[in-house]
Amino acid sequence: MPMDLYQLLRTCTSTRRLRSLHALLIISGRIHDVFFPTTLINLYSRLSDLRSAALSFSRTPNKNIFSFNSIIATYIHHGLPLDAGYCFKSLLLAGPRVRPDEFTFPVALKASLDLKYGKAMHSLVGKLGLGWNVFVSSSLMRMYSRFGAVRDAEKVFVEMPERDSGAWNAMVSGFCQNGMADDAVRIFSEMVTEGVRVDRITIASVLPVCAPLDDFLLGVSIHVFTIKQGLDVELFVSNALIDMYAKLGSVESARQVFDDMLDRDLVTWNSIIGAYEQSGNPRTALQLHSEMQRSGVQSDVLTLVSLASAVAESGTVRSGQSVHAYITRRGWEADDIIAGNAIVDMYAKLGKVELAQRMFDKMPVRDVISWNTLLTGYSQNGLANEAIEIYETMEQHEGITPIQGTLVSVLPAYSHVGALQKGMRIHGQAIRIGLHSDLYVGTCLIDMYAKCGRLNEAIVLFEQEVPRASSGPWNAIIAGYGIHGHGEQALSIFTQMEQERVKPDNVTFVSLLSACSHAGLVDGGQRYFQVMQSKYGIRPAVKHYACMVDLLGRAGHLDAAYGFIRTMPIEPDSGVWGALLGACRVHGNVELGALASKFLFEIDPENVGYYVLLSNMYAKAGKWDGVNDVRSLARRRHLQKTPGWSSIEVNNKVNVFFTGNQSHPQYEDICKEMVILLAKMKSLGYVPDYSFVLQDVEEDEKEHILSNHSERLAITFGIMNTTPKTPIQIFKNLRVCGDCHNATKFISRITEREIIVRDSNRFHHFKDGNCSCRDYW
DNA sequence: GTAGGGTTAG
C-alpha cells in the first residue's frame, strides 16, 4: 500500500535512511507515483540535504506545480534566494501545462532582490488572477514593505477582497519596519476596534514602536491588552515586552516580565542582558550571562556583542580578551561586522587603543560605524590628533559617508587642537548632509567655534541654528563665554535659559561656575552654587567643588578656599587640590601650596604638573631647598614631564610642535628667526624667567630650553608663514608657561600681531604688548 | 504531497 510507504518515509530521521528508501522506490518502479517526487523533496529539505532535494527535483520526469513549489520553498528556507529565483524562472518557462499558483507566490516573492523584480511578480499575480488569495496579497505587502514601498503595500491592503489577521499584521509590521510608528499604532487600534483577532504576531510587531515613540503608556496599555487576551504567555510576546520596557527605561518592569516567564529562549536572555547593559548595570548583565550559561542556553553573536559592551563598562582587559577569543573561535569576527565593531569599542573603552586598532585592521569589511568607533576611541582616550588622522583617512575611502556620530566624534577633536579651518570644513560637510541644525552636531559646532577662538560664530549658531529646548547647546555657549572671560554674558545666558524654561543640569553649573571664576565674579559664583542646590536640587559633584575652590582661590581668598575644602561633604579629588595649588602659585602662598601638594602627591602622584607648579613657587620665593626637594622627589618617582605640544593651523594644515622637538622641516629657520626676535625682545626689556625651567642645568642651557617651548616654536612658525600683521592663533595642550606668557607680550608688540593662545585652561588675547588674561604669573 | 508573518546587538 502506497500510504504505508509514505508513512515510512516520514519517519526517516537521517538522510542516509531516506536515501536508501529512495533507491528502493526507484528499483521497485514506485517512483513514478505522482506524489513521491514532491514528498522526497520536502523530506530532504527537512533534513537539510539540499543536494538530494535538487537531485530528486531534476530527476522528476513530468514536473508538476507541487514539485516546483517544493523546490522553491526548499531554497528559500535554506537562505538561497538566487537558486529559488532560478527555479521560479524555469517554472515560467516550463510551458502552459504548469503555471505558478497561489502556493507559489508567498514563497517565491521572498526571492525578489529589488523592487523592480517584486513589481514584475505583482503584475504576474494580476495576470494569473491570484490577487484574491490572502496569502498571496499579504506576501505582496511584505515584499513592498521590505523595499520601503509601504504606500504600495497599503494599496494592496486596501484593495484586498478579504483580510485575515495575517494581512493586518503585514500592514502593522510594514509600518513598523519603515519607521512609521504612528501609522502602525493607527492600524493596530483599527484592528482592535473592528474586532479582528489580534494574535501574538500582531503584538510582537507593534511593541517595538513604543520605544521610538517614547510612549511608555502605550507600551503598558498594550501589555494590559495582551494579558486580557491571554497572549502574555507567548514567548515572542514576552521577549518583545522585555525589550520594550528596557528601551523605555524601566529595567524593573523588564525584569518583572522576565521573572514571570516559564520558558526562556536565547532571545529572552539576550534581551534581559542587553537591558541591564544598556541601563548602566554591566555587572548585573554579566551575572545574568553566567546564569544563562548555567541554564544550558548557548550564546550567539548577539549575546557576545552585549557582553562586549558590558565588559567595556565594568570589566578588565583580561575578560575583554576572553570575550574576543570566544568571538574569534566561533568565526564571528570574520563575518559579523557588528561583532567586530563591538570588539573595537570594547578595547577602546578599556583604554587599549592599540588593541582596538589591531582589531579594526583585521576586519575584512568595515562600515561607517567601524570608523566612528575607532575615531571615538582615539578621541576619548585623549588622542585627538590620532582621531583626526582616522577621520581624514576615512574621508579618502569611497562610499563611506559620515553620519551624525562621526561629526560628533571628530568635532571635539578639532576643538581640542584648535583646528578652526578643519572644523569649518566639517561645518560645511554638516550643511551638505543636512546635519547642521542637528542638536548634537550643532552643540559640537558651538563648542568648536568657541574653543577655536570664534565666539561670534558660536553665538550666531546658538541664536539662529541649533534647537535650544535641551541643555546641551546652552551649556556649550555658557562655557564658550566663560573661556573667553565673559562671565557677565555667561550669567545672562543662564537667566535667559531659566526664562525659556530649559532645565539646567550639572554640566550647566560647571560651565557657569567656571565662567564666574575666569571673570572674577565671586559673588555670582557663590550665589549659583546655592541656586543649583536649592532651586534645581542638583547635589554638587566634586567638579562643582573644584570650580568653587578655583573661584575663591583665583580671587585671592585662599583661606576661604581652604576652609571651603575642609567643609566639603565628599572627598576632595586632585581637581579640588589642584585648583588650590594653582591659586597659591598665582598669589604666592608657598605654605598653603605645599599643603595642597602634599595631598596631590598622594592622590595623583604620577601627574608631574603639580611638581612643576610647586617647584616654580619655591623658586619664585627664593626657597632653593624646596626646589631641590621637589625635584628629587619627582626624579625618585621616575616622572617624565607630560610632553607639551602646541599647534597652529596654516593653510588648512595643522602643524604640531612638541617641546624641544627639532624634527619639524623648518626647525633651522625657526631657530634663526627666534634669535632675531629674542634680541629685539631683550632690547625692549624682556628678561627670561628661569624659574619655569625644572631641569637642573646651566643658565645658557635654560635659555635654550625656554625658547624651545612648543608655544614659542609655534608662534615663531606662525609669524614666518602667515601674512604680516594678521592675527595668529595657537593652541597649547598644557598651561602656557609663565615665561612664554611674558615673552608673547613682547612678541605681539614687536610684530604688531594679535596673538591668541588657547591653553588647557582659557584664552589669552595678546595685543600691543598686553594680555587680556586676568591672572598674573 | 505544497503557503505568509513576529522579538534581541555595534
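In what follows, every chain begins at residue 1, and chains take the letters A, B, ... in the order their sequences are listed.
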Q) Name the one of A/Leu91, A/Leu109, A/Val125 that satisfies side chain to side chain contact (heavy atoms under 4.5 Å, CB included) with A/Thr104? A)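 Looking at A/Leu91, A/Leu109, A/Val125, the match for A/Thr104 under the side chain to side chain contact (heavy atoms under 4.5 Å, CB included) is A/Leu91.
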
Q: Side-chain contact test, heavy atoms from C-beta onward, threshold under 4.5 Å: evaluate it for A/Arg46 versus A/Asn42 and give yes or no.
A: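 A side-chain contact is absent here, since even the closest heavy-atom pair is not under 4.5 Å.
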
Q.
For A/Phe36, does the six-membered ring have the charged nitrogen or CZ of A/Arg30 within the cation-pi criterion, i.e. under 6.0 angstrom from the centroid and within 45° of the normal?
A.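 Checked: cation-pi criterion not met.
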
Q.
Parallel, tilted or perpendicular: which one describes the rings of A/Trp371 and A/Phe360, with boundaries at 30° and 60°?
A.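 Ring orientation of A/Trp371 relative to A/Phe360: perpendicular.
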
Q) Do A/Ser205 and A/Asn169 get their side chains close enough for a donor-acceptor pair, meaning under 3.5 Å? A)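 No, A/Asn169 and A/Ser205 have no side-chain donor paired with an acceptor closer than 3.5 Å.
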
**Q.** Cationic N near anionic O, under 4.0 Å, A/Asp152 to A/Lys155
**A.**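 A/Lys155 and A/Asp152: not salt-bridged.
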
Q: Output every pair passing salt bridge (charged side-chain N to carboxylate O under 4.0 Å, His left out) with a member in residues 319-334 of chain A, not counting sequence neighbours, ordered by first then second residue.
A: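 Those involving residues 319-334 of chain A are A/Glu333-A/Lys362.
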
**Q.** A/Phe35 aromatic ring stacked with six-membered ring of B/dG1, 5.5 Å and 30°
**A.**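 No.
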
Q) Ring centres of A/Phe88 and A/Phe68 under 6.0 Å apart? A)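 Ring centroids of A/Phe88 and A/Phe68 are no less than 6.0 Å from each other.
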
Q: Spell out protein contact along nucleotides 3-9 of chain B as letters: B when the base is contacted, S when just the sugar-phosphate is, - when no protein heavy atom is under 4.0 Å; keep the 5' to 3' order.
A: BBBBBBB

Q: Check DNA chain B against residues 351-373 of chain A and give the residues with a non-hydrogen atom under 4.0 Å, in numerical order.
A: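 Residues of residues 351-373 of chain A under 4.0 Å from DNA chain B: A/Asp367, A/Ile369.
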
